[in-house]
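Below, all heavy atoms of this structure are taken into account, side chains as well, without hydrogens, waters or symmetry copies.
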There are 2 protein chains.
Amino acid sequence: MKPPSEKSAGRRKSRPSFEPLQPHEIELADFFVRMAGILGVPRSVAEIYALLYVSSGPLDFDHIQGRLGISKGSVSQGLKFLRDHEMVLSVKEKGARRERWQPTPSLAASLVALLRSQVLPALEQAQPGLQRVLADAQQRGAQPEVIERLSRLNRWNSRALELAPLLLPPPGA
Amino acid sequence: MKPPSEKSAGRRKSRPSFEPLQPHEIELADFFVRMAGILGVPRSVAEIYALLYVSSGPLDFDHIQGRLGISKGSVSQGLKFLRDHEMVLSVKEKGARRERWQPTPSLAASLVALLRSQVLPALEQAQPGLQRVLADAQQRGAQPEVIERLSRLNRWNSRALELAPLLLPPPGA
DNA sequence: GCCTAGGTTCAAAATTTATTGAAACATCAG
DNA sequence: CTGATGTTTCAATAAATTTTGAACCTAGGC
């Protein structure tokens, strides 16, 4: 057990103390935050990405936390999100224990992966339900107008699912 | 427990009672709700759209409220949103005071309008800021890698703004 | 094994966003 | 003009989401 107060007893690693974001960094972060907002990506995630994006080399966990002034938990979760969506890469130097992070080369690819992960599951999951809705309407002799709408929706869904792997090839392709 | 349904209690004009959504309607609503969620559109808005989408004719305010079981305020705001994004049309019958609503013919066009309204303003607003960030980086002699990233971001932004009016023509075009 | 730097988890707290409903407003018929 | 109907507004409330931080893992050096 560690006593919580570690003022200046014995050998203390000097708290690195990171600079807050500079104006130009804030500007870029704002841009990413707004764009991310459209897709429902949390502010902290966008900020982490923005910071890596304007930084010259890969940054480690503590730098990210320090410069953004957010909690460990947020950094961890944010990096997990970015990792899961293939938006960042870790560079592990040999002999070093920490991981250091940088944005993946192509922002375009990153966005595509993100969209893919959001839209595809929804389309897949909806497929059977939509078919059922259409069948239901036909069976009940709904208005032709409604049948037509529901048919179109089904066709779209199918085509989107067919096209998806071509336009947005998954990691392994 | 459901509120007492007075289906059988005489047809009185004072309190028209509406049926809750049927299973097939719920299914479609769920689909729209999920899709809308990706773009941050509230549940109630998606539900309204879904209801209009499966309904044979245009529906009036009270029908929408009654069948979805949501508040007047939500219906009003939801319809405003859908109107603003050109996703619904009102059909005013002559001599009638109420407006009746139906989805616009093309769902595709509706989605495009929606995206347009979300993304374009962000791109426009970001333009000067992004240029400033790049200029800043160049002036401070940032790493070529960073300069390159920021340049690409600027080019993208510009091109997106140029292309936008072509791909997503505004109402008047 | 033991220790600890490095990172994750997750319940609680903070924040943001959506919904409600009563009051205000608007429009039309009489 | 007046009253009734139909709709909007918006402050209060409810619901959903994000952030925090302390407890908890995990791998690697000793």
Distances under 3.5 Å between protein N/O atoms and the N/O atoms of nucleotides 13-16 of chain D, please, pair by pair.
none

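- Looking only at atom types and distance, the side chain of B/Ser117 has a donor-acceptor partner in the side chain of B/His85 under 3.5 Å away.
- Ion pair B/Arg155/B/Glu148 flagged as a salt bridge, since at least one NZ, NE, NH1 or NH2 atom sits closer than 4.0 Å to an Asp/Glu carboxylate oxygen.
- In this structure, the CZ atom of B/Phe61 is 16 Å from the P atom of C/dT27, given to the nearest Å.
- The distance between atom CG of A/Leu68 and atom P of D/dT18, rounded to the nearest whole Å, is 17 Å.
- For the helix from C/dG1-D/dC30 to C/dG30-D/dC1, the rotation axes defined at the first and last 5 base pairs enclose an angle of 10°, given to the nearest 10°.
- Listed by first and then second residue, the salt bridge (Lys or Arg N to Asp or Glu O under 4.0 Å) pairs that reach into residues 101-114 of chain A come to none, sequence neighbours excluded.
- How far CZ of B/Arg43 is from CD1 of B/Ile70: 10.5 Å, rounded to the nearest 0.5 Å.
- For A/Asn154 (side chain) and A/Leu130 (main-chain N/O), a donor-acceptor pair under 3.5 Å exists by modelled atom type.
- Side-chain contact, A/Ser74 with A/Ser44: no donor N or O sits under 3.5 Å from an acceptor N or O.
- Atom pair B/Leu79:CG and D/dG6:P shows a separation of 15 Å (rounding to whole Å applied).
- Regarding A/Asp62, its CG atom lies at a distance of 11 Å from the P atom of C/dA5, rounded to whole Å.
- Nucleotide D/dT8 holds its C1' atom 13 Å from the CG atom of B/Asp84, rounded to whole Å.
- Crowding of B/Arg100 atom CZ: a count of heavy atoms from other residues, nucleotides or ligands under 6.0 Å exceeding 12.
- Both the sub-6.0 Å distance and the 45° axial angle are satisfied by A/Arg149 relative to the ring of B/Tyr53.
- Taking atom CZ of residue B/Phe81 and atom C1' of nucleotide D/dT9, one finds them 18 Å apart after rounding to whole Å.
- In this structure, A/Asp84 pairs ionically with A/Lys80, as a charged nitrogen and a carboxylate oxygen lie closer than 4.0 Å.
- Using modelled atom types, one finds a donor on one side chain and an acceptor on the other under 3.5 Å when comparing B/Arg140 with A/His24.
- Using a distance-only test at 3.5 Å, with no hydrogens or angles considered, a donor-acceptor pair links the side chain of A/Gln118 to the main chain of A/Leu39.
- A/Arg132 has no carboxylate O lying under 4.0 Å from a charged side-chain N of A/Asp136, or vice versa, which leaves the two without a salt bridge.
- Here the C1' atom of nucleotide D/dT7 and the CG atom of B/Leu82 are 16 Å apart, to the nearest Å.
- Taking a 4.0 Å limit (strictly below) on heavy-atom distances, residues 39-52 of chain A reaches DNA chain D at A/Gly40, A/Pro42, A/Arg43, A/Ser44.
- B/Arg100 comes within 4.0 angstrom of no nucleic acid atom, judged by non-hydrogen atoms across all strands.
- Here B/Ser106 pairs with B/Ala108, B/Ala109 under the side chain to side chain contact (heavy atoms under 4.5 Å, CB included) rule; sequence neighbours left out.
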Per-nucleotide protein contact string for nucleotides 21-30 of chain D (B base, S sugar-phosphate only, - none; heavy atom under 4.0 Å): B-----BS--
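- Within the nucleic acid shown, A/Ile70 comes within 4.0 Å of sugar-phosphate atoms alone, with no base atom in reach, counting heavy atoms only.
- If you measure from atom NZ of B/Lys80 to atom P of D/dC10, you get 11 Å, rounded to the nearest angstrom.
- A chain of hydrophobic side-chain contacts below 4.5 Å, direct or via other Ile, Leu, Val, Met, Phe, Trp or Tyr residues, connects A/Leu52 to B/Trp156.
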